[in-house]
Amino acid sequence: MEPGTIDNLSILYQSSDFIVVNKHWDLRIDSKMWYETLTLQSQLKYRFPELADPDTYYGFRFCHQLDFSTSGALCVALNKAAAGSAYKCFKDRLVTKAYLALVRGHVGQSRMTIHYAIGKNTTEGMTHMMCIDGTEGRTHQLRVHCSAIGHPIVGDFTYSHKKDSSPYRMMLHAYYLRIPTGKELIEVCAPDPFVTAMDSNWVPHHVTHRLDETIQELKDQMLQKQEEEESQEAVVGGGAEEALGEAKSPETEEQRARCEQWLAEWALE
């Protein structure tokens with residue numbers, strides 16, 4: 001994938017309510033700094049000037065975020081109602097995402113589940129970083145977890161303690177995104193940049209899992225979860241929805257406040 005320019009924005013999906021782009025690496029979604037003129041926001045305004053919403057600060061409603069150094073699928077809502085429906089999917093954990101990463105070292109396991117919590121790093125001089133201590137914060141989640149298990153992502157300058165500066169980019173890519181909004185199903189793949197066809201320097205030596213099979217497993221798991229939830233709702237039926245709601249873990253005031261803040265920043269005028 002070539003570096004981003006104002007006119008080479010790659011569109012993966014487009015409807016009257018959403019656009020999904022293949023974000024370039026080393027490109028910010030938006031910026032308030034006058035000298036940062038090339039952002040995803042500016043690319044969108046250049047490509048779709050008629051779709052920019054003057055009632056929003058950035059012109060477009062970004063449904064989620066990707067780090068500056070991360071490439072891949074990013075969803076943009078074109079109106080407040082669409083942004084609200086996407087937000088609800090994220091809040092209800094109905095969104096499926098899959099990332100590709102090249103990491104340092106030799107990973108012995110073919111599959112691994114990481115349960116570390118993530119919190120803000122309070123160490124002097126490192127407050128821009130996250131760490132695995134604490135219980136709050138999802139920023140840099142994949143980067144923190146890979147570093148915590150001893151396999152930092154190649155090119156991750158921050159979480160290699162400023163040692164990994166040689167690669168031309170950080171090797172993290174948002175490959176797959178599925179958002180089942182009420183009106184439409186958004187499902188896209190941002191082409192794998194770490195293949196020989198994209199860069200002749202990439203030559204696979206051993207394949208543990210085929211990418212398409214892994215993505216299908218993720219889809220099957222999410223569909224099964226949705227079917228189980230729908231079945232449970234059908235069994236409860238009638239006026240028992242309130243009892244079911246009480247049986248679930250209640251949303252704390254802090255969680256509610258964070259959700260409302262997120263929606264205010266990304267989904268509303």
Side-chain angles (χ1 to χ4, degrees), residues 1 9-15 17-25 29 40 62-67 69-77 82 85-103 106-116 138 140-146 149 151-156 169-199 202-230:
M1 189 177 184
L9 180 63
S10 174
I11 305 301
L12 302 172
Y13 175 90
Q14 184 176 357
S15 70
D17 289 326
F18 296 98
I19 293 175
V20 181
V21 304
N22 186 5
K23 175 189 168 297
H24 287 86
W25 45 272
I29 293 176
L40 178 55
F62 302 107
C63 298
H64 55 117
Q65 299 196 50
L66 292 178
D67 291 346
S69 302
T70 305
S71 60
L74 179 70
C75 184
V76 182
S85 65
Y87 161 75
K88 188 176 186 303
C89 290
F90 279 95
K91 181 175 180 292
D92 293 341
R93 298 185 179 277
L94 298 177
V95 176
T96 304
K97 296 185 288 183
Y99 290 77
L100 305 178
L102 179 68
V103 299
H106 297 279
V107 182
Q109 302 92 325
S110 61
R111 291 179 182 271
M112 185 183 302
T113 302
I114 305 173
H115 293 290
Y116 292 132
R138 305 264 305 199
H140 301 172
Q141 182 180 12
L142 294 174
R143 298 165 62 185
V144 173
H145 280 171
C146 287
I149 63 173
H151 298 290
I153 295 173
V154 173
D156 191 342
R169 60 161 292 181
M170 182 176 70
M171 307 303 179
L172 180 61
H173 179 72
Y175 174 73
Y176 175 76
L177 177 66
R178 184 181 189 271
I179 309 176
T181 70
K183 186 177 179 181
E184 63 188 283
L185 171 63
I186 301 170
E187 186 175 23
V188 297
C189 285
D192 181 357
F194 311 132
V195 293
T196 308
M198 299 289 286
D199 185 342
W202 292 98
V203 181
H205 289 274
H206 176 69
V207 177
T208 303
H209 302 289
R210 292 190 62 83
L211 190 55
D212 54 350
E213 295 174 355
T214 302
I215 295 300
Q216 187 60 50
E217 286 183 25
L218 289 173
K219 291 170 62 175
D220 292 343
Q221 290 172 7
M222 181 55 69
L223 290 172
Q224 182 180 358
K225 177 184 176 183
Q226 289 178 317
E227 290 174 358
E228 290 174 352
E229 290 178 351
E230 291 172 359

Practice item. Inspect the surroundings of NZ in K225 and state if more than 12 heavy atoms from other residues, nucleotides or ligands are less than 6.0 Å away. Key: yes

Practice item. Kindly indicate whether the side chain of R169, heavy atoms from C-beta on, has any atom under 4.5 Å from the side chain of S71. Key: yes

Point to revise | Smallest separation among heavy atoms of V21 and L12, with atom names | key: O-CD1, 3.7 Å

Point to revise | Heavy-atom donor-acceptor pair, K23 side chain to Q65 backbone, under 3.5 Å | key: no

Practice item. Any chance you could measure L102, atom CG, to D156, atom CG, to the nearest 0.5 Å? Key: 12.0 Å

**Study point:** Side-chain heavy atoms of S69 within contact of L172, under 4.5 Å
**Key:** no

Point to revise | Evaluation steps, side chain to side chain contact (heavy atoms under 4.5 Å, CB included), between K219 and E187 | key: CA-CA 10 Å; K219 291 170 62 175; E187 186 175 23; 2.9 Å; yes

Practice item. Check each of T96, L74, V95 against L177 using the side-chain contact (heavy atoms from CB on, under 4.5 Å) test, and report the only one that passes. Key: V95

Review point. Side chains of D220 and Q216: do they bring a donor and an acceptor to under 3.5 Å?
Key: yes

Review point. Do V20 and I179 pass the side chain to side chain contact (heavy atoms under 4.5 Å, CB included) test, and can you show the C-alpha distance, the side-chain angles, and the key distance before you say yes or no?
Key: CA-CA 11 Å; V20 181; I179 309 176; over 6 Å; no

Review point. If you look at every heavy atom in F18 and C63, which pair is closest and at what distance?
Key: CE2-SG, 4.2 Å

Check your understanding: Quick one: NZ on K88 to OG1 on T181, what's the gap to the nearest 0.5 Å?
Key -> 11.5 Å

Review point. Of all heavy-atom pairs between L66 and Y99, which one has the smallest distance, and what is that distance?
Key: CD2-OH, 3.6 Å

Check your understanding: Does H173 reach the main-chain N or O of D192 with its side chain, forming a donor-acceptor pair under 3.5 Å?
Key -> no

Exercise for review: For residues M222 and L218, determine if any side-chain heavy atom of one lies less than 4.5 Å from a side-chain heavy atom of the other.
Suggested key: no

**Study point:** Nearest non-hydrogen partners of A190 and A73, listed with the distance
**Key:** CB-N, 3.8 Å

Check your understanding: At what distance, to the nearest 0.5 angstrom, does CH2 of W25 lie from OG1 of T70?
Key -> 12.5 Å

Review point. Which pair of heavy atoms, one from E184 and one from S15, lies closest together, and at what distance?
Key: OE1-OG, 3.0 Å

Check your understanding: Which value, rounded to the nearest 0.5 Å, describes the distance between M171 atom CE and F194 atom CZ?
Key -> 6.0 Å

Practice item. Only one of I186, I215, L185 passes side-chain contact (heavy atoms from CB on, under 4.5 Å) with R178; say which it is. Key: L185

